[in-house]
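Just below is one structure, and these are the notes that go with it.
Below, chains carry the letters A, B, ... as their sequence lines are ordered, and counting in each starts from 1.
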Amino acid sequence: MAAKNYQVAEILYMVADYLDLEGEEFKVRAYRRAARSIENLSQSIEDVAKSGKLQEIPGVGEAIAKKIDEFLRTGKMEHLEKLKRKSPVDMESLNAVESLGPKKIKLLYQRLGVRNVEHLSKAAKEAKIRGLPGFGELSESKILQSLGNVSSNKRRFPREEVVPIAEMIRKKLQSMNVVEKVEVVGSYRRKKETVGDLDILVVSSSPSEVMDAFLNIDGIDHTIGEGEKKASLVLDNGLQVDLRVVGAESYGAALIYFTGSKYHNIRLRKIAIKKGYKLNEYGLFKGDEMVAGSTEEEVYRELGLDYIDPENREE
DNA sequence: TACGCGCAGGCATATG
DNA sequence: CATATGCCTG
DNA sequence: GCGTA
Ligand SMILES: [Mg+2]
Ligand SMILES: [Mg+2]
């Protein structure tokens, strides 16, 4: 695939991140949608541009088409440069810090002049962050901790590399008496060549015991969060693993939700709404009544759809 | 040209 | 304590 | 910023 497609998508995602920082909402979505379309484009973006058909790409209109053209001609996008001048912060590295998002990054920049992780580290060590609106002592120590969890590990992993890890975790959980089912879901189940993390779904009526076992598997670097039904951790090699525990009656709905993709989920949930239902990871509901949920087939059927294989759930 | 904009929910933390 | 907000998951 | 009513 043409390398330029990836570059154009990346730059549009960056524009979105800076707009996010400014509190924009819909432009952010617009740029991300365009970026995603270009990522999934089957032709070279340069060829599309040459034939003047950029605006035929879903989510690309007059304004974004112009900017793409500019980037392809000059290697730069003035719009992005301008946004960076206005908010001179290193979004890429700051965004990679766990617990920091656009709102908090904006506040840190405005009140403390934080532009990058070095500034952030200094501010945290000097205890200047606690006391900002929305930040307390806990937030500050969490930031320091996140900074220690080097973000260099934030990469995607080749499928082959995670297969043994997935199997190890699956077997361990499977062996528990209170566990009825274990499935590795997410992009792993969709058979993508690379995965951003591992998503694991467990059916059990004793979630707390499952949580406990999960949080004690081998090779954990640190835990991100842990609740009654959900936990996330990062392994020594930087791979994030998410666990979700549900009851048997929700197995199918949870499989659908956790297998994704996100866009597939949104699509299904919209169809559900149109048919007067509500779809979430617990089931398909008409009012308070569950009409499907224990199997995937059942949920698709109630939505009036044929079963869709996981590898075909990108949209 | 004006207007609405993808869905749903768990967890951590701050706030009052 | 309940509620709001932000971040994060698919 | 885009798509559509
Ligand atoms: Mg995943
Ligand atoms: Mg995940």
Side-chain angles (χ1 to χ4, degrees), chain A residues 12 15-16 19-20 22-37 54-68 79 94-108 129-143 145-146 185-190 192 195-201 207 211 223-234 240-246 250 253-274 277-285 310 313-315:
Chain A
L12 293 177
V15 169
L19 290 169
D20 211 350
E22 305 207 334
E24 286 282 355
E25 186 178 353
F26 301 110
K27 287 187 189 182
V28 172
R29 271 196 217 165
Y31 274 93
R32 287 189 180 143
R33 179 173 181 226
R36 210 176 87 84
S37 286
L54 284 174
Q55 294 192 49
E56 290 181 18
I57 299 169
V60 176
E62 199 180 332
I64 294 183
K66 261 192 194 163
K67 295 180 176 76
I68 293 173
H79 185 55
L94 288 174
N95 246 335
V97 178
E98 287 163 13
S99 83
L100 290 192
K103 299 280 196 307
K104 289 185 170 178
I105 293 173
K106 182 179 187 179
L107 201 88
L108 288 165
I129 293 176
R130 64 182 75 180
L132 293 183
F135 291 90
E137 258 181 80
L138 272 171
S139 306
E140 193 175 78
S141 61
K142 195 160 187 179
I143 286 171
Q145 202 189 314
S146 304
V185 288
S187 51
Y188 184 93
R189 184 165 179 246
R190 299 202 310 277
K192 301 291 284 183
V195 298
D197 64 5
L198 270 186
D199 301 303
I200 301 191
L201 177 65
M211 287 296 158
T223 299
I224 296 176
E226 45 176 301
E228 284 178 64
K229 316 163 186 177
K230 202 177 87 167
S232 295
L233 52 79
V234 177
Q240 181 173 332
V241 188
D242 298 329
L243 174 77
R244 189 71 187 262
V245 185
V246 299
S250 298
L255 261 183
I256 289 176
Y257 158 72
F258 224 19
T259 297
S261 67
K262 174 184 169 189
Y263 306 98
H264 185 68
N265 288 339
I266 290 171
R267 206 188 117 218
L268 295 186
R269 287 173 182 203
K270 255 168 123 176
I271 292 171
I273 290 170
K274 198 186 299 181
Y277 297 124
K278 179 177 75 161
L279 177 63
N280 58 28
E281 60 265 55
Y282 297 110
L284 183 65
F285 298 87
R313 298 186 195 172
E314 292 311 311
E315 298 287 310

Rounded to whole angstrom units, what separation is found between the OH atom of Tyr257(A) and the C1' atom of dG9(B)? 7 Å
Please determine, for the side chain of Ile266(A), which listed nucleotide (dG1(D), dC7(B), dC7(C)) has the closest atom? dC7(B)
Identify the pairs formed between an N or O of the protein and an N or O of nucleotides 3-5 of chain D at a distance under 3.5 Å, and give each distance.
| residue | atom | partner | partner atom | Å |
| --- | --- | --- | --- | --- |
| dG3(D) | OP1 | Gly59(A) | N | 2.7 |

Taking salt bridge (Lys or Arg N to Asp or Glu O under 4.0 Å) as the definition, give me every residue that meets it alongside Glu226(A), ordered by chain and number, with sequence neighbours left out. none
Taking atom P of dT9(C) as reference, at what distance in whole Å does atom CG of Leu198(A) sit? 14 Å
Which is true for Leu100(A) with a 4.0 Å heavy-atom rule: it touches a base, it touches only sugar-phosphate, or it touches nothing? sugar-phosphate
Could you tell me whether the phosphate oxygens of dG10(B), OP1 or OP2, come under 4.0 Å of any side-chain nitrogen or oxygen in Tyr282(A)? yes
Looking across every strand, which nucleic acid part, if any, lies under 4.0 Å from Glu62(A) by heavy atom: base, sugar-phosphate, or nothing? sugar-phosphate
Without swapping roles, check the side chain of Ser146(A) against the backbone of Val97(A) for a donor-acceptor pair under 3.5 Å. no
Under a 4.0 Å N-O cut-off, is there an ion pair linking Glu314(A) with Arg190(A)? yes
Euclidean distance, atom CZ of residue Arg244(A) to atom P of dG10(C) [Å, nearest integer]: 11 Å
Among residues at least two apart in sequence or on other chains, which ones pass side-chain hydrogen bond (donor to acceptor under 3.5 Å, both in side chains) with Thr259(A)? Arg189(A)
Between dT4(D) and dC7(B), how far is it from one P atom to the other, in whole Å? 16 Å
Pick base, sugar-phosphate or nothing for Tyr31(A), based on heavy-atom distances below 4.0 Å to the nucleic acid. sugar-phosphate
Qualifying residues under side-chain hydrogen bond (donor to acceptor under 3.5 Å, both in side chains), relative to Ser232(A), sequence neighbours excluded: Asp242(A)
Return the set of residues passing salt bridge (Lys or Arg N to Asp or Glu O under 4.0 Å) with Lys278(A) (not counting sequence neighbours), or none when no residue passes. none
Whole angstrom is fine here: how far is it from CZ in Phe258(A) over to P in dA8(B)? 18 Å
Output the rounded distance in Å from CD (Gln240(A)) to C1' (dC8(C)). 9 Å
Does the side chain of Asn265(A) get closer than 4.0 angstrom to OP1 or OP2 of dC7(B) through an N or O atom? no
Of all the choices, dC7(B), dG9(B), dG10(C), which nucleotide is nearest to the side chain of Lys278(A) once you look at every atom? dG9(B)
Touch check for Ile273(A), heavy atoms < 4.0 angstrom, all strands: base, sugar-phosphate only, or nothing? sugar-phosphate
Atom NZ of Lys270(A) and atom P of dG10(C) are separated, to the nearest Å, by 21 Å
Taking CG from Leu107(A) and P from dG6(C), how many angstroms apart are they, rounded to a whole number? 10 Å
Answer yes or no: does a side-chain N or O of Lys67(A) lie under 4.0 Å from OP1 or OP2 of dG1(D)? yes
How would you label the contact of Ser232(A) with the nucleic acid (heavy atoms, under 4.0 Å): base, sugar-phosphate, or nothing? nothing
Which residue pairs pass the side-chain hydrogen bond (donor to acceptor under 3.5 Å, both in side chains) test with at least one member in residues 54-66 of chain A, sequence neighbours excluded? none
Can you list everything that forms a salt bridge (Lys or Arg N to Asp or Glu O under 4.0 Å) with Glu140(A)? Sequence neighbours excluded, please. Arg130(A)
In whole angstrom, what separates Lys106(A)'s NZ from dG6(C)'s P? 11 Å
Sequence neighbours excluded, which residues qualify as salt bridge (Lys or Arg N to Asp or Glu O under 4.0 Å) partners of Arg32(A)? Asp17(A), Asp20(A)
Mark up nucleotides 11-16 of chain B, 5' to 3', with B wherever a protein heavy atom is under 4.0 angstrom from a base atom, S wherever such an atom reaches only the sugar-phosphate, and - elsewhere. SSSSS-
Any Lys/Arg nitrogen of Lys27(A) or Glu22(A) sitting under 4.0 Å from an Asp/Glu carboxylate oxygen of the other? no
Heavy atoms only, 4.0 Å cut-off, all strands: where does Leu279(A) land among base, sugar-phosphate and nothing? sugar-phosphate
